[in-house]
Amino acid sequence: MTRRSTGLDYCSLGTALLTVVAGALAAYPLSRYKMRFTRGLMYTILFGTCLPITAMMVPVYSLFVRLNLLDSMSGIIPFMAATSLPMAVWMLKNFMDSVPISLEEAAWVDGASAMQTLWRIVLPLMKPGLVVVFIFVFTGAWGNFVVPFVLTFDSMKQPAAVAIYNFFGMYGTIAYGKLAAFSILYSTPVLVLYAVMQKVSGNSFALAGAVKG
């Protein structure tokens with residue numbers, strides 16, 4: 001990768017990590033506690049996945065200008081994580097539902113708190129789900145063009161998705177050789193992550209023998 005794509009490494013990785021952590025903390029009460037508004041909240045979260053990110057860029061740009069966050073990864077990463085959070089919460093909640101609550105109840109009897117059972121029991125058992133969500137969010141951030149194109153100006157902070165745009169010159173001229181070489185480098189991490197996801201998805205039935213009876 002060129003130095004131009006350095007910003008993407010931090011942006012994609014930071015977005016994926018922040019989304020998985022926040023999504024797991026948000027999905028846990030939705031999965032384990034029966035509340036009257038759970039169904040309505042889940043439908044609201046599902047609706048949030050349908051909002052196009054381009055429709056939010058005008059007010060988001062205005063907000064970034066007021067907060068002096070333009071060209072700042074500390075502002076872009078939380079924003080991209082927030083846009084990925086609805087789908088992450090929906091997916092993580094479904095993965096958590098597959099973890100038997102009886103395992104947590106046994107830990108509660110031994111004196112463990114809710115956060116301890118989440119950290120020591122639930123998250124280790126749903127590792128394949130965490131990996132799938134991480135890869136899903138990472139690839140989404142990796143291929144995101146609109147957000148970094150609008151909110152960044154420094155070429156050293158712009159991701160590879162924006163750098164590809166520079167191979168298209170004025171009046172329809174295209175540097176096909178450079179574009180082809182850069183596209184191969186750009187697509188390699190995504191292909192590797194998809195291969196990892198295929199391997200991890202094969203372990204999705206690891207909980208089959210966790211509970212007897």
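Hydrogens, waters and symmetry mates play no part in the numbers below; they use all other heavy atoms, side chains included. If you read the sequence from its start, that first residue is 1, and numbering goes on from there. Worth saying up front: this structure is predicted, and the values here are computed from it rather than measured.
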Measure across [X] and [Y] and return the closest heavy-atom pair with its distance rounded to 0.1 Å.
{"X": "A114", "Y": "Y33", "result": "CB-OH, 4.1 Å"}
{"X": "A112", "Y": "T117", "result": "CB-CG2, 3.9 Å"}
{"X": "L125", "Y": "P128", "result": "O-CD, 4.2 Å"}
{"X": "A81", "Y": "T15", "result": "N-CG2, 3.7 Å"}
{"X": "A55", "Y": "P59", "result": "O-CD, 4.3 Å"}
{"X": "G75", "Y": "L69", "result": "CA-CD1, 4.2 Å"}

Apply the test side-chain contact (heavy atoms from CB on, under 4.5 Å) to residues Q116 and W119: give CA-CA distance (whole Å), side-chain angles for both, the deciding distance (0.1 Å), then the verdict. CA-CA 5 Å; Q116 287 175 331; W119 179 255; 5.9 Å; no
Please tell me if the side chains of [X] and [Y] come closer than 4.5 Å, counting only heavy atoms from C-beta onward.
{"X": "V99", "Y": "R32", "value": "yes"}
{"X": "L18", "Y": "M80", "value": "no"}
{"X": "K127", "Y": "L123", "value": "no"}
{"X": "L25", "Y": "M115", "value": "yes"}
{"X": "C11", "Y": "I76", "value": "yes"}
{"X": "V192", "Y": "P189", "value": "no"}
{"X": "R66", "Y": "S62", "value": "yes"}

Could you tell me the separation between the [atom1] atom of [X] and the [atom2] atom of [Y], rounded to the nearest 0.5 Å?
{"X": "I53", "Y": "N144", "atom1": "CD1", "atom2": "CG", "value": "5.0 Å"}
{"X": "M126", "Y": "I121", "atom1": "CE", "atom2": "CD1", "value": "14.0 Å"}
{"X": "S31", "Y": "I101", "atom1": "OG", "atom2": "CD1", "value": "7.5 Å"}
{"X": "S113", "Y": "L118", "atom1": "OG", "atom2": "CG", "value": "9.5 Å"}

Let me check something: do L67 and V147 share a hydrophobic cluster, defined by ILVMFWY side-chain heavy atoms less than 4.5 Å apart, either directly or through other members?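 Yes; tracing contacts between hydrophobic side chains, which count when under 4.5 Å, links both residues.
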Check the pair L17, V21 against side-chain contact (heavy atoms from CB on, under 4.5 Å), reporting the backbone distance first and the verdict last. CA-CA 6 Å; L17 289 174; V21 172; 5.6 Å; no
I'd like to know whether T152 forms a side-chain contact (heavy atoms from CB on, under 4.5 Å) with M73, so could you lay out the CA-CA distance, the side-chain angles of the two residues, the decisive distance to 0.1 Å, and finally the verdict. CA-CA 9 Å; T152 59; M73 288 295 109; 4.0 Å; yes
Partners of D97 by salt bridge (charged side-chain N to carboxylate O under 4.0 Å, His left out), sequence neighbours excluded?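 Listed in chain order: K93.
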Those residues that, when tested against V20, pass side chain to side chain contact (heavy atoms under 4.5 Å, CB included) (two or more places apart):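 Side chain to side chain contact (heavy atoms under 4.5 Å, CB included) list for V20, sorted by chain: L130, V133, F134.
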Please check this pair: side chain of N68 against backbone of F64, looking for a donor-acceptor N/O pair closer than 3.5 Å.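 Pair absent, no side-chain N/O of N68 close to backbone of F64.
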Parallel, tilted or perpendicular: ring planes of W142 versus Y186, cut at 30 and 60 degrees: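 Parallel: the ring planes of W142 and Y186 meet at under 30°.
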Please name the residue in the list V58, V65, L63 that meets the side chain to side chain contact (heavy atoms under 4.5 Å, CB included) test with Y61.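 Among the candidates, only V65 passes.
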